[in-house]
Each structure stands twice: as C-alpha cells, then as structure tokens.
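Below is one structure; the comments refer to it alone.
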Amino acid sequence: MIQRVRTRFAPSPTGFLHVGSIRTALFDWLFTRHNGGAFILRIEDTDATRKVGGAVGAILDDLRWLGLDWDEGPEVGGKYGPYIQSQRLEMYREATRRLVAQGAAYNCYCSQERLEVLRAEQIKNKRPPGYDRRCRNLAEAERAQKEKEGITPVVRLKTPLEGQTTVHDIIWGDVVFKNSIIEDLVLLKSDGYPTYHLANVVDDHDMQITHVIRAEEWMSSTPCHILLYNALGYEIPKFAHLPMLLGKDRSKLGKRHGSVSILQFRELGYLPETMINFLALLGWSLDDKTEVMTCEDLVKNFSLERVSKTAAIFDHEKLKWMNGVYIRKLSHDDFARQSLPFLEKGLPNEVKRPLSISYVRQVLPLVQERARLLMEVPELTEYFFTDQLNYDSQLLLGKDMTAELTVWALRVAKERLEKQVSFDAASLELMLRPLAGELKLKAGQLFGALRTAVSGRTATPPLFQMMAVLGKECTLARIDDALRRLAGM
RNA sequence: GGCGCAUUCGUCUAGCGGCCUAGGACGCGUCCCUCUCAAGGACGAGACCACCGGUUCGAAUCCGGUAUGCGCUACCA
C-alpha cells in the first residue's frame with residue numbers, strides 16, 4: 001500500500017509571516033491537497049532568544065486568511081502532538097541521549113568565546129571557518145574534569161570524516177556532498193533546547209512526514225540531516241527544496257523591499273486569492289499560457305516536477321495587476337462587503353459613520369473595475385460621500401470651452417434635470433445626449449463640464465450612472481455650486 | 001575562502017535535440033472602442049537563450065570551462 005502523503009509547514013514564531021514563507025507553505029499545501037494527504041502545521045520555537053509574543057496567533061490568522069487549512073497542528077490537534085516544539089523538549093533530549101550512548105554524538109564543552117576566536121583566526125588565515133572537533137575524542141578523565149568545572153555542554157553530531165552523502169531531491173535531482181566538509185553540528189544547545197536540525201529530524205520522523213518541502217536555504221544542511229536520520233535509524237523522507245524569493249535588487253526578499261509581510265498585503269487590500277495565485281506562479285507554472293487560476297485549479301494541477309530551480313524576483317506591479325483581475329471577478333456583494341472596512345477607515349472624518357450599507361452598495365459597482373487595491377476604494381469614491389466638493393474650478397472648463405459657454409451649458413442642463421422625473425442612468429442619457437447636439441456642443445464638452453461639476457474630477461465612472469447614484473437633489477446642488485464657482489472666475 | 005546551486009525579453013515564465021526567424025503574461029508604446037477614467041480588443045518595441053569551447057547532420061535544449069548571481073558556511077531558523 002502506498003503511504004499517504006504527509007507534509008508540514010514549520011514556521012518559527014519570530015515575527016510576521018513573510019511572503020517567502022507563505023510561498024513555501026502554499027507549495028506544501030498544494031502538493032498535499034493534490035495528493036489527498038495530510039498537511040501539518042508545526043511551530044518551531046526552539047530559539048528562546050528570538051521568540052516574539054503573539055507571533056503564533058498571527059501565523060495562524062494569516063494562514064486562515066489565505067485558506068491554507070491544516071489537518072494537524074495548533075488548535076486542531078492530532079495524534080502526533082504536541083505540535084509546538086517547546087512542548088516536545090523531552091523527545092529531543094531522549095534522542096540526544098540515544099545518540100551519545102551509541103557514540104554517534106558527543107558532548108562539547110567549548111565556550112562560545114573560544115569558538116568565536118577560532119572562527120576569527122580561521123578567517124584571518126583564509127581557512128574555512130568551522131568547529132575544530134576538539135571535544136570529539138575527549139578522554140573520560142578530561143570530560144569528567146569539564147563536568148566538574150560546571151560547564152554545561154552542547155551535544156554535537158559526530159559526522160563521518162570521509163565518504164559522501166547524496167541528497168535525492170525531487171526538484172534538484174541528486175546532489176552529492178563530501179562528508180569531510182560537513183561539520184559536527186550542534187544538536188542540543190546548552191540551554192537544553194534542540195537546534196533546528198535535531199528538532200526537525202526528530203519531529204518529521206515522529207509525525208511521519210513523507211515529504212519535506214522547504215526553502216532552498218536548507219539544501220546545504222540536508223546532508224547533515226540525512227546523517228542524523230541514519231544515526232537515529234529513521235527512514236529518510238523525500239526532499240524538495242524550493243527556489244528562493246528575491247527582492248528587486250536580487251537579494252533575499254526582506255523588509256527593505258517594501259511590503260513583505262502577508263499582513264501588509266492584506267491591509268493594502270490584496271485579496272487572498274490574488275496572493276495564492278501569484279505566489280503559486282513564483283517558481284511554478286502550469287504551461288506556457290495559463291496564469292489566472294483558482295485555488296481548485298492549482299490543487300488539481302500542482303506538481304513538484306514543474307517547480308523551477310531558479311530564484312524569482314517578487315514583482316509588485318504584476319501582483320497589483322492580478323489583484324485587479326480578482327477584484328473584477330468578485331460579485332458586487334462580495335466587493336461591497338470586502339470594501340466596507342476600507343471605506344470606514346479611509347474616508348475623510350467628516351463623513352458620517354456608520355456608512356449606509358445600501359448607499360455603499362450603489363456606489364461600489366461603479367468603481368469595481370477601476371480599483372486594483374481595496375485600499376484605493378475610499379479615494380476612488382470619496383466624492384460620493386462628502387457634502388462639500390473640493391476642486392480647482394479650472395477643471396470645469398473643458399477643451400475648447402470658455403467660462404461663458406460652460407455656464408450656459410450647465411444652466412440649461414440644470415433646468416432640464418430639474419424637470420427630469422426618472423433619475424436613472426438610462427433616462428438621464430436619453431435626455432442629456434440629445435441636449436449636447438441641441439446646444440451645438442460635443443458630447444464630451446457637455447458631459448465633461450457636468451462630470452466635474454458633479455464629482456470635482458475629470459476621471460470618474462460613467463457620468464449618468466454617477467448622477468443616478470448621487471441622486472437628483474445632490475446632482476442639482478453640485479451644479480449650482482459649480483455655477484457659483486464659474487461666476488467668481 | 002570553502003561547499004552547493006542557478007543563469008531565456010526590465011520582471012514572472014514556456015521550452016526538456018529539429019515544431020524556435022524563441023511562445024505567453026506584467027509593465028511600456030501606438031491604435032480601436034468611448035462622455036472622462038478604467039475595463040476590453042488589435043498591433044508593436046523588447047531576449048546575439050550569460051560567455052567560450054565541444055558533442056551532433058542539427059543545440060536555448062547534451063558535455064566541459066569561464067563569468068556573474070544566489071544560498072549555506074551560528075549553541076538562528
């Protein structure tokens with residue numbers, strides 16, 4: 001029987017989840033869902049010094065927002081728990097004891113100061129930096145002496161001095177490492193916590209992970225992990241290392257590249273489906289043309305074989321474009337619901353809160369295809385909500401239009417509008433379009449003046465729809481205001 | 001410095017020996033549509049497939065070297 005796929009996403013709670021980590025989580029998740037496997041979330045909080053309060057909750061929120069659900073892990077439990085490494089310390093210590101007992105690992109009493117001096121000297125002499133294995137073959141008496149001095153040792157893996165270790169990677173193929181360059185890495189730190197390497201191997205085994213899918217930066221330590229699996233007598237999982245995500249300057253994506261935390265994207269008004277789709281395309285592709293895909297499509301088509309090996313630069317421009325695509329795909333209801341918080345927050349203070357939902361529902365369809373970020377919605381719709389328009393009166397004067405001509409056109413339009421009974425877009429167009437001809441004006445000249453009068457802007461949604469939403473009273477008042485402005489010019 | 005990996009339009013990518021005078025997308029430009037802005041449509045500019053050799057009747061695709069970039073080289077993950 002074929003083993004059921006089990007993968008895990010194992011973030012450290014050292015701060016916000018950034019898009020690189022999310023991409024890793026996404027590929028893990030897509031692969032798992034594609035194969036009908038189990039996706040496990042594990043919190044790797046083994047660095048007590050870097051732990052950030054509240055980070056775990058934030059990670060969970062972000063994953064939930066994106067729809068990356070986990071089958072085992074914090075809050076949902078599972079039979080291989082606990083899923084937080086700081087609660088599994090005894091298991092790592094037990095593994096360490098076993099390794100030391102069988103001679104595969106040893107206590108190292110070297111101080112961090114000594115290691116630093118050693119490294120500095122090695123670098124100075126242009127030698128490869130690394131631990132010199134001083135404690136590897138300590139005599140029993142020497143060890144007893146160190147213990148008596150009260151030094152708490154770290155435990156290091158005794159790696160083979162010769163031979164080679166091959167990593168079979170689904171994405172990279174076979175990569176061979178000489179054992180001689182593999183260090184005696186620390187397994188258990190002096191504070192009793194395991195290092196990533198130990199905790200990872202022990203947990204992946206205990207949780208029966210079948211596929212270790214993680215970022216490329218782990219490639220180099222994978223041979224060590226294999227050695228560890230072997231020493232512990234564990235079966236080796238399959239590995240797949242994902243290419244890195246880079247910033248515009250080709251360096252590892254980080255804070256200085258602008259928004260990188262998934263929360264920031266959320267606050268800017270990116271949709272989760274955009275993030276999923278876009279991130280899926282960074283290092284993976286379906287074919288030579290398909291780009292916009294639903295999450296279901298991605299699950300259906302995802303395969304590690306089509307993941308590339310080259311690092312990708314995160315392009316905000318394309319992300320924005322794609323978000324526009326997804327915003328346009330939203331139903332009017334969804335768009336309104338999702339925009340509402342942005343409006344409440346982004347509209348000027350003088351606008352009365354709470355906003356009228358029914359009015360918001362009328363306004364938003366007019367800007368849906370014009371927004372690329374939800375955050376742009378308040379700015380795009382502001383004049384629908386404010387009482388007083390603020391604009392440069394010069395804008396009232398369109399191309400080839402004098403102030404006199406504009407006043408005249410607006411007056412006539414106003415008179416007709418006052419008599420207008422049905423104030424819907426179609427009726428308004430039926431009335432106003434012929435009026436332009438009647439006044440011997442181009443449609444653009446009449447409509448342009450009205451557009452500015454009614455919105456204070458030169459770029460807006462279609463005039464008649466806008467007037468219909470604004471309503472008769474407001475439309476007329478704004479035309480009056482425009483006429484007053486023109487009188488003062 | 002050492003080890004590993006990578007290198008196709010500015011960017012994301014297709015390509016796995018002949019279909020490639022290299023395809024798609026973002027961005028950019030022009031035009032169409034049009035009451036403006038978007039959206040949509042059409043067209044275009046943009047890649048000597050990093051470079052140099054080799055294998056082959058034939059190479060972006062295979063091999064070797066060089067260059068460049070990236071990752072790792074912590075009692076961080």
Side-chain angles (χ1 to χ4, degrees), chain A residues 10-12 14 21 44-47 49-50 108 110-112 115-116 119 122-123 125-131 152-156 167 172 175-178 180-183 185-191 193-197 199-200 214-223 241 243-244 246 248 250-252 278 281-292 306 308-322 324-325 328 366-372 380 398 429 432-433 436 442-452 455 457-464 466:
Chain A
S12 298
T14 54
S21 319
E44 308 217 323
D45 57 345
T46 57
D47 187 351
T49 64
R50 295 208 308 159
C108 169
C110 296
S111 69
Q112 293 194 52
L115 295 177
E116 268 163 45
R119 233 190 319 274
Q122 286 164 330
I123 289 167
N125 298 325
K126 304 234 191 251
R127 306 254 62 203
Y131 180 54
T152 315
V154 300
V155 177
R156 287 180 183 274
V167 176
W172 303 70
V175 184
V176 181
F177 293 85
K178 284 197 201 66
S180 56
I181 58 117
I182 300 176
E183 288 205 62
L185 69 154
V186 173
L187 264 20
L188 197 68
K189 301 183 254 188
S190 52
D191 64 0
Y193 276 70
T195 57
Y196 168 85
H197 311 287
N200 206 256
R214 72 225 308 190
E216 180 192 333
E217 55 199 299
W218 295 109
M219 189 72 220
S220 306
S221 45
T222 305
H241 289 90
M244 305 285 311
L246 271 25
K248 261 218 140 26
R250 300 211 147 270
S251 68
K252 199 167 162 177
F278 183 77
L281 258 18
L282 255 29
W284 177 84
S285 62
L286 173 60
D287 55 28
D288 57 343
K289 41 181 74 78
T290 316
E291 292 206 309
V292 177
R306 285 196 65 84
S308 87
K309 279 182 264 197
T310 45
I313 292 174
F314 191 91
D315 181 9
H316 288 254
E317 273 308 311
K318 189 159 183 175
L319 211 216
K320 254 188 180 172
W321 161 78
M322 190 174 275
V325 171
R328 275 171 252 130
L366 303 195
V367 297
Q368 185 164 354
E369 71 174 26
R370 292 167 175 76
R372 295 203 298 171
L380 246 22
E429 176 156 19
L432 288 168
R433 199 171 284 281
K442 285 189 201 143
Q445 293 178 304
L446 205 218
F447 298 167
L450 282 168
R451 160 172 297 108
T452 308
S455 69
R457 304 187 183 189
T458 53
T460 71
L463 178 64
F464 314 114
M466 201 164 54

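Reminder, nothing fancy here: chain letters follow the sequence lines and each chain counts from 1.
Within the model, atoms CD of A:Q122 and OH of A:Y131 stand 11.5 Å from one another, a figure rounded to the nearest 0.5 Å. Between the CG atom of A:L185 and the NE2 atom of A:H197 there is a distance of 5.0 Å, given to the nearest 0.5 Å. Within the model, atoms OG1 of A:T222 and CZ of A:F177 stand 6.5 Å from one another, a figure rounded to the nearest 0.5 Å. Separating the CZ atom in A:R50 from the OG atom in A:S12 is a distance of 6.5 Å, to the nearest 0.5 Å. A:R451 CZ to A:R457 CZ: the interatomic distance, rounded to the nearest 0.5 Å, is 12.0 Å. How far NZ of A:K252 is from CG of A:L246: 10.0 Å, rounded to the nearest 0.5 Å.
Across the interface with RNA chain B, nearest-nucleotide mapping of A:A371 and A:E317 shows A:E317 to be the residue nearer the 5′ end. Between A:V154 and A:S308, the one whose closest nucleotide on RNA chain B sits nearer the 5' end is A:S308.
The shortest distance between the side-chain N/O atoms of A:R156 and the OP1/OP2 oxygens of B:C75 is below 4.0 Å. Contact annotation: A:T49 does not reach the phosphate of B:C76 (side-chain N/O to OP1 or OP2, under 4.0 Å). Side-chain nitrogen and oxygen atoms of A:R433 include at least one within less than 4.0 Å of the OP1 or OP2 phosphate oxygen of B:C35. Considering only side-chain N and O atoms, A:S190 lies nowhere under 4.0 angstrom from the phosphate OP1 or OP2 of B:C75. Put simply, A:R370 has no side-chain N or O that comes within less than 4.0 Å of OP1 or OP2 on B:A39.
Side chain of A:I313, nearest nucleotide from B:C76, B:G4, B:U11: B:U11. For A:T310, taking side-chain heavy atoms from C-beta onward, the closest of the listed nucleotides B:C3, B:C5, B:U7 is B:U7. Taking the side chain of A:A312 as heavy atoms from C-beta on, and the options B:A77, B:C75, B:U13, the nearest nucleotide is B:U13. Nearest nucleotide to the side chain of A:A459, out of B:C37, B:A6, B:A77: B:C37. Closest approach to the A:S285 side chain among B:A77, B:A14, B:G27 is made by B:A14 (side chain taken as heavy atoms from C-beta onward). Side chain of A:Q112, nearest nucleotide from B:C75, B:C5, B:C26: B:C75. Side chain of A:P462, nearest nucleotide from B:C26, B:U36, B:C75: B:U36. The A:F464 side chain lies nearest to B:C35 when the options are B:C76, B:U73, B:C35.
Applying the Watson-Crick and G-U wobble criteria (two distances, each under 3.5 Å), B:C43 pairs with B:G29. The partner of B:U36 is absent, by the rule that a Watson-Crick or G-U pair needs both atom distances under 3.5 Å. When both pairing distances are held under 3.5 Å, B:U68 makes a Watson-Crick or G-U pair with B:A6. Nucleotide B:C20 forms a pair with no other nucleotide shown, judged by Watson-Crick or G-U wobble geometry with both contacts under 3.5 Å. B:C75 is unpaired under the criterion used here, namely a Watson-Crick or G-U wobble arrangement in which both key atom distances are under 3.5 Å. The partner of B:C62, taking Watson-Crick or G-U wobble pairs whose two distances both stay under 3.5 Å, is B:G54.
Comparing B:U11 with B:C28, their C1' atoms sit 12 Å apart, to the nearest whole Å. Rounded to whole Å, the separation between the P atoms of B:C26 and B:U36 comes to 24 Å. Taking the P atoms as reference points, B:C48 lies 36 Å from B:C37, given to the whole Å. Annotation: B:C43 and B:A25 have their P atoms spaced 10 Å apart (nearest Å). Nucleotides B:C57 and B:U66, compared at atom P, are 28 Å apart to the nearest Å. Taking the P atoms as reference points, B:A60 lies 16 Å from B:U55, given to the whole Å. Here the separation of B:C63 from B:A47, taken at their C1' atoms, is 24 Å to the nearest Å. Look at the P atom in both B:U8 and B:G69: the space between them is 15 Å, to the nearest Å.
Atom NZ in A:K189 sits roughly 7 Å away from atom C1' in B:C76 (whole-Å rounding). Rounding to whole angstrom units, CG of residue A:L380 and C1' of B:A39 are separated by 13 Å. A:F314 has its CZ atom 21 Å from the P atom of B:A25, to the nearest Å. Between the P atom of B:A74 and the CG atom of A:D191 lies a distance of 18 Å, rounded to the nearest Å.
If you check distances only, the side chain of A:T460 never reaches the base of B:C37 with a donor-acceptor pair under 3.5 Å.
Shortest non-hydrogen contact noted between A:E183 and A:P129 is OE2-O, 4.2 Å. A:E216 approaches A:H241 most closely through the heavy-atom pair CA-CB, 4.1 Å.
At a threshold of 4.0 angstrom between heavy atoms, the contacts of A:G324 with the nucleic acid are absent. Across all strands shown, A:V186 has heavy atoms under 4.0 Å from sugar-phosphate atoms exclusively, and none from any base. Residue-level contact check: A:E183 touches the backbone only, with heavy atoms under 4.0 Å from sugar-phosphate atoms and none from bases. Across all strands, A:L282 comes closer than 4.0 Å only to sugar-phosphate atoms, never to a base (heavy-atom distances). Counting non-hydrogen atoms under 4.0 angstrom, A:R306 reaches the backbone sugars and phosphates but no base. Using a 4.0 Å heavy-atom criterion, one finds that A:P243 contacts no nucleic acid atom at all. At the heavy-atom level, A:R127 lies nowhere under 4.0 Å from the strands shown.
Partners of A:D287 by side chain to side chain donor-acceptor pair (under 3.5 Å), not counting sequence neighbours, listed by chain and number: A:T290. Residues passing the side chain to side chain donor-acceptor pair (under 3.5 Å) test with A:K318, sequence neighbours excluded: A:E291. Contacts of A:E44 classified as side chain to side chain donor-acceptor pair (under 3.5 Å), with partners at least two apart in sequence or in another chain: A:R42, A:Q85, A:N200. Listed by chain and number, the residues in a side chain to side chain donor-acceptor pair (under 3.5 Å) with A:D315 amount to none (sequence neighbours excluded).
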Using atom names, set out every protein N or O paired with an N or O of nucleotides 21-24 of chain B below 3.5 Å, distance rounded to 0.1 Å.
unit_1: B:G23; atom_1: N2; unit_2: A:D288; atom_2: O; d: 3.2
unit_1: B:G24; atom_1: N2; unit_2: A:E291; atom_2: OE2; d: 3.2

Protein N or O to nucleotides 64-72 of chain B N or O, pairs below 3.5 Å:
unit_1: B:G71; atom_1: N2; unit_2: A:S220; atom_2: OG; d: 3.4
unit_1: B:C72; atom_1: OP1; unit_2: A:K252; atom_2: NZ; d: 3.3

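Taking the six-membered ring where tryptophan is involved, the planes of A:Y196 and A:W218 are essentially parallel, since the angle between them stays under 30° and well short of 60°.
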Full working for side-chain contact (heavy atoms from CB on, under 4.5 Å) between A:T458 and A:T452: CA-CA 6 Å; A:T458 53; A:T452 308; 4.2 Å; yes
